[in-house]
There are 2 protein chains.
Amino acid sequence: MKMSKAEQKQQTMQKLIEVAREMFSRQGYADAAMEDIVKQAGVTRGALYHNFGSKEGLFEAVLASVQQEIGERVEAEAAKSEDLWQQLILGCLAFVSSAVEHRNKRILLIDGPSVIGWETWRRMDEENSMRHLREQLQMMQEQGYLRPVSIDALTHLLSGAMNEAVLWISETPDHEKSLEEISAAMTLLLEGYRTK
Amino acid sequence: MKMSKAEQKQQTMQKLIEVAREMFSRQGYADAAMEDIVKQAGVTRGALYHNFGSKEGLFEAVLASVQQEIGERVEAEAAKSEDLWQQLILGCLAFVSSAVEHRNKRILLIDGPSVIGWETWRRMDEENSMRHLREQLQMMQEQGYLRPVSIDALTHLLSGAMNEAVLWISETPDHEKSLEEISAAMTLLLEGYRTK
DNA sequence: TACTTTACATACATACTGTATGTATGTTAA
DNA sequence: TTAACATACATACAGTATGTATGTAAAGTA
């Protein structure tokens, strides 16, 4: 079976991202060796550096795929309701449920900001889950569901709260129970901003 | 002037921690070379490895001093009021104001969890700012100031919200303005849990 | 078909952490 | 007081990981 160069490139990149995602999740960025990644992906260091330029470049590509995946799930879940409040709750819950997964958690929340820097991390996040959150809040405020408050500030507070919630949940023995506790606490938290 | 071994050890350790704190803040953990740290501290690699065992060991010592410093400021600020609600607000504000400082932010919030792992990071945090927060919330709930909600979950939500707030504030051009916005948003956020 | 470009392999240079060994100074106990 | 010992630290070296320079074979192009 013959393959075009573009297809071939695409394939090796995807394979490398897959393998790296697993490695970064298991051992963390610092302890994952490029040598091991390429070996397991069935290519050589040449392919990796040709396609991603550096270890950071590879990580950024992995992070992007993680964020995109989560973003899609959040949006899909939120779209299940017509009510703005319900959408917000559903979206938040979907984010926490997705991010807590082993193949996402560490890359997204622990190594992400440290490896590529918080500013870059935030820029990338902005194009995925955070943008949806901000737009949702903006809309809710414009339609009078939310008290007057800085949407930027609120967005970051909620985002930060959820990120930490994810890490906490993943450390507790009973994920289901802690997820329910977070869910209840998040609902009350949002009540503070509610007007109708 | 002669020095006892204990005094000498104390002095070199403190000097190394000081220098490392600056380096880790400026360049981040990964880009700070041990060689440069010991050079600037006026000792050799021998001293560093003798006292801290590894690069991670040094970082952990630096992080501990950061956390302790912030913890003390939070406690001192909260103690300025008798009212439990006021104490909570003052403490939160003190945490954000302290953590946002350049010599604290990156070590505490960005590199911390990644370098030593989130579990260890949380254990260390527990002995400083987070413990105070939890105890405060516990007390408030017992005295009927707070709705029934999992204190563990709430503690982490608040802690995470504040951590992200710190990072956001430090990126905005006008720190003072964004701190006020966060302050207002935090107050509303807490309102959701208030009963009296 | 001649050539160019590209995707990748391989060998090597560089840099950094950590260790093994040596030394001088402080401490302690007979 | 001094001899035996512990400790704080210096130095040289080894191991490992990232990144680069160069080579090659196959696909694309004129």
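Order of the sequence lines sets the chain letters (A, B, ...), proteins ahead of strands, with each chain counted from 1.
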Visitor: Dump the intermediate steps for side-chain contact (heavy atoms from CB on, under 4.5 Å) on Q14(A) and E18(A), then the final yes or no.
Guide: CA-CA 6 Å; Q14(A) 194 165 330; E18(A) 264 173 43; 4.1 Å; yes
Visitor: Pull out every residue in residues 25-34 of chain B that has a heavy atom closer than 4.0 Å to any atom of DNA chain C, ordered by number, or say none.
Guide: A32(B), A33(B), M34(B)
Visitor: One thing to verify: whether E135(B) and R131(B) come together as a salt bridge, which I'm taking to mean a side-chain N less than 4.0 angstrom from a carboxylate O.
Guide: yes
Visitor: Within the structure, does a side-chain N or O atom of S54(B) lie under 4.0 Å from either OP1 or OP2 of dT17(C)?
Guide: no
Visitor: Identify whether the distance between the nearest side-chain nitrogen and carboxylate oxygen of E35(A) and R45(A) falls below 4.0 Å.
Guide: yes
Visitor: Calculate the interatomic distance between E35(B) atom CD and dA12(D) atom C1'; express it in whole Å.
Guide: 12 Å
Visitor: Would you call E69(A) and R21(A) a salt bridge, taking side-chain N to carboxylate O under 4.0 Å as the test?
Guide: yes
Visitor: Nearest to the side chain of Y49(A) - dG19(D), dA10(D), dC8(C)?
Guide: dG19(D)
Visitor: Among dC9(D), dT19(C), dA9(C), which nucleotide sits nearest the side chain of H50(B)?
Guide: dC9(D)
Visitor: Minimum heavy-atom separation for L133(B) to T155(B), with atom names?
Guide: CD2-O, 3.8 Å
Visitor: Can you list, in residue-number order, the parts of residues 110-121 of chain B that come under 4.0 Å of DNA chain C, counting heavy atoms only?
Guide: none
Visitor: Figure out the CG/P separation between L58(B) and dC16(C), and round it to whole Å.
Guide: 16 Å
Visitor: Does E82(A) CD have over 12 foreign heavy atoms under 6.0 Å away?
Guide: no
Visitor: Provide, to the nearest angstrom, the distance between the CZ atom belonging to R45(B) and the P atom belonging to dA14(D).
Guide: 15 Å
Visitor: For E101(A), is there an ion pair with R73(A) - N to carboxylate O distance below 4.0 angstrom?
Guide: yes
Visitor: V43(A) side chain: which of dG19(D), dA9(C), dA10(D) is closest?
Guide: dA9(C)
Visitor: Please check the phosphate of dC8(C) (OP1 and OP2 only) for any side-chain N or O of N51(A) closer than 4.0 Å.
Guide: yes
